[in-house]
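First comes the structure, then the notes that go with it.
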Protein chains: 2
Amino acid sequence: MARRSDHSRDEIREMALAAAERLINAQGYKGLSARKVATEIGYTVGTLYLVFKNQEEFILHINSRTLDELYQAMETTISTQQVPGDCIKALCRTYYDYAAAHSKRWLLIFEHALPDKDALPDWYQQRITRGFEMLEQVLEPIVATHNQQQVGKAARVLWGSVHGITMLAVTRKLDVVGVDSVYELIDSLVENYLAGLTR
Amino acid sequence: MARRSDHSRDEIREMALAAAERLINAQGYKGLSARKVATEIGYTVGTLYLVFKNQEEFILHINSRTLDELYQAMETTISTQQVPGDCIKALCRTYYDYAAAHSKRWLLIFEHALPDKDALPDWYQQRITRGFEMLEQVLEPIVATHNQQQVGKAARVLWGSVHGITMLAVTRKLDVVGVDSVYELIDSLVENYLAGLTR
DNA sequence: CTAATTATTGAACAATGTTCAATTGCATGC
DNA sequence: GCATGCAATTGAACATTGTTCAATAATTAG
């Protein structure tokens with residue numbers, strides 16, 4: 001059976017990740033299983049453990065790709081916006097838009113809480129910090145002070161807040177309906193928080 | 001063997017929930033299993049399925065108790081605060097304090113995303129809406145307008161935001177250390193958002 | 001004291017993650 | 001062209017999970 005389809009390790013990884021994303025989009029986290037992924041790509045379970053250490057590492061890679069997609073969407077938003085004031089609002093909406101459009105995969109990033117002890121691998125941690133840096137860049141020209149500490153704080157507050165509103169909206173805990181309602185909440189947050197900051 | 005220990009259904013439920021909370025506190029979501037809970041309370045798996053429909057309903061009840069505890073902490077905060085302005089800040093800190101102190105159980109509320117189709121049972125949904133109502137009451141005297149829509153919107157923005165900051169802080173994605181740093185973020189949010197609202 | 005009832009069990013099933021000896025297909029050396 | 005070695009792939013096996021339900025044991029009723 002060996003080398004039957006003659007895929008490189010990287011090709012198998014790619015196929016497995018793509019199949020996993022399809023499964024998650026269709027049925028959420030519970031729809032994911034080693035055997036299902038293996039069947040989807042025409043291999044068996046054993047092969048998966050040849051290219052991924054275990055399920056945890058596998059999911060980490062899925063999440064990594066999701067984060068990459070998300071940040072790409074955000075970078076597109078940044079590059080198409082000119083006025084710094086509008087840019088932040090647009091960026092926050094993009095965050096929600098992406099989460100809403102790919103909710104199952106986006107939720108997986110946060111559903112999968114890791115054990116306290118072992119820290120996340122560096123390559124993954126960097127994908128998280130990247131979000132801050134992006135926001136900090138956009139905030140820099142807006143926030144009154146150029147104090148880097150203040151900018152960093154504002155970025156964390158804004159990111160956390162938009163994340164929270166998005167999370168509750170996606171899991172339908174906000175008791176609101178329609179995209180516009182969520183936009184209203186995000187806009188209210190950004191407008192008023194920034195107004196307070198620059199007052 | 002039957003009736004060996006002579007506990008009523010409600011007593012068994014209570015014991016099972018208490019045991020589950022202990023297990024979750026100790027080892028998180030993954031530490032929870034029907035057999036472990038059963039062993040802990042001196043019964044077998046079958047008995048659990050006599051008092052709970054399935055794992056989903058079981059977890060719903062665990063979460064329900066967590067929410068009750070959280071809201072009780074928030075009500076204590078409200079009742080000990082006099083100045084409305086300070087009250088909101090204190091309330092938000094309480095939300096974070098509770099989440100940080102009981103992180104495993106608090107996380108379980110959100111890790112466990114439900115399937116799209118079937119809505120949450122009413123008794124559970126009410127425990128979610130209760131949070132808004134609490135915040136709305138506290139916001140009412142502060143927000144300039146008495147427009148109920150505006151108050152509701154502000155409550156949702158604030159709750160979502162504090163939730164997001166708390167979530168990222170608890171899962172150590174905020175890249176900050178220490179309780180005070182998180183307090184700073186929450187205070188920044190509340191102060192500036194409210195300043196913007198009442199400008 | 002027997003019979004009916006009811007609480008409780010635990011064996012059984014399907015599905016999960018994970019491992020690893022066995023197997024199969026390919027390339028190389030002769 | 002054939003045998004040998006290597007590496008890719010398998011799939012059976014194990015432990016653990018949620019869930020079910022006939023069998024059983026303890027209690028109550030008659």
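Convention: sequence-line order gives letters A, B, ...; per-chain numbering from 1. We use all heavy atoms of the structure for the numbers below, so side chains are in, but hydrogens, waters and symmetry mates are not.
Within a 6.0 Å sphere centred on CD of Gln27(B), other residues, nucleotides and ligands contribute more than 12 heavy atoms. When the shell of 6.0 Å around CG of Asp86(B) is examined, it contains more than 12 heavy atoms from other residues, nucleotides or ligands.
Between Arg35(B) and Leu50(B), the one whose closest nucleotide on DNA chain C sits nearer the 5' end is Leu50(B). For Gly46(A) and Lys53(B), each mapped to the nucleotide of DNA chain D holding its nearest heavy atom, the one lying further toward the 5' end belongs to Gly46(A).
Put simply, the side chain of Leu107(B) reaches to within 4.5 Å of the side chain of Met167(B), judged on heavy atoms.
Contact detail for Ser64(A) and Tyr124(A): the closest heavy-atom pair is N-CE1, 4.0 Å.
We find that CD of Gln55(A) is positioned 15 Å from C1' of dT19(C), with the value rounded to whole Å. As rounded to whole Å, 10 Å separates atom P of dT18(C) from atom NZ of Lys30(B). Computed from coordinates, the Tyr49(A) OH to dA8(D) C1' distance equals 18 Å when rounded to whole Å. Taking atom CG of Asn54(B) as the reference point, atom P of dC21(D) lies 14 Å away to the nearest angstrom. Here the P atom of nucleotide dT19(D) and the CD atom of Glu56(B) are 9 Å apart, to the nearest Å. dT19(C) atom P lies 12 Å from atom CD of Glu57(A), rounded to whole Å. Computed from coordinates, the Asp6(B) CG to dT6(C) P distance equals 15 Å when rounded to whole Å. Spacing between atom CG of Leu48(B) and atom C1' of dT20(D) amounts to 14 Å, rounded to whole angstrom units.
Distance OG1/Thr77(B) to NZ/Lys89(B): 14.5 Å, rounded to 0.5 Å.
A cation-pi arrangement, defined by a distance under 6.0 Å to the six-membered ring centre and an angle within 45 degrees of its axis, is present between Arg93(A) and Tyr183(A).
Using the six-membered ring where Trp is involved, His163(A) and Phe110(A) have ring planes that are tilted, between 30° and 60° apart.
Ranking dG10(C), dT17(D), dG18(D) by closeness to the Lys36(B) side chain, first place goes to dT17(D). Nearest nucleotide to the Ala34(A) side chain, out of dG17(C), dT9(C), dT19(D): dG17(C).
If one axis is set at each end of the helix from dC1(C)-dG30(D) to dC30(C)-dG1(D) from five pairs, those axes are 20° apart, to 10°.
A salt bridge between Glu75(A) and Arg130(A) is absent, with no side-chain N of the basic residue lying under 4.0 Å from a carboxylate O of the acidic one.
For DNA chain D, the neighbouring residues in residues 8-25 of chain A, judged by any heavy atom under 4.0 Å, are Arg9(A), Ile12(A).
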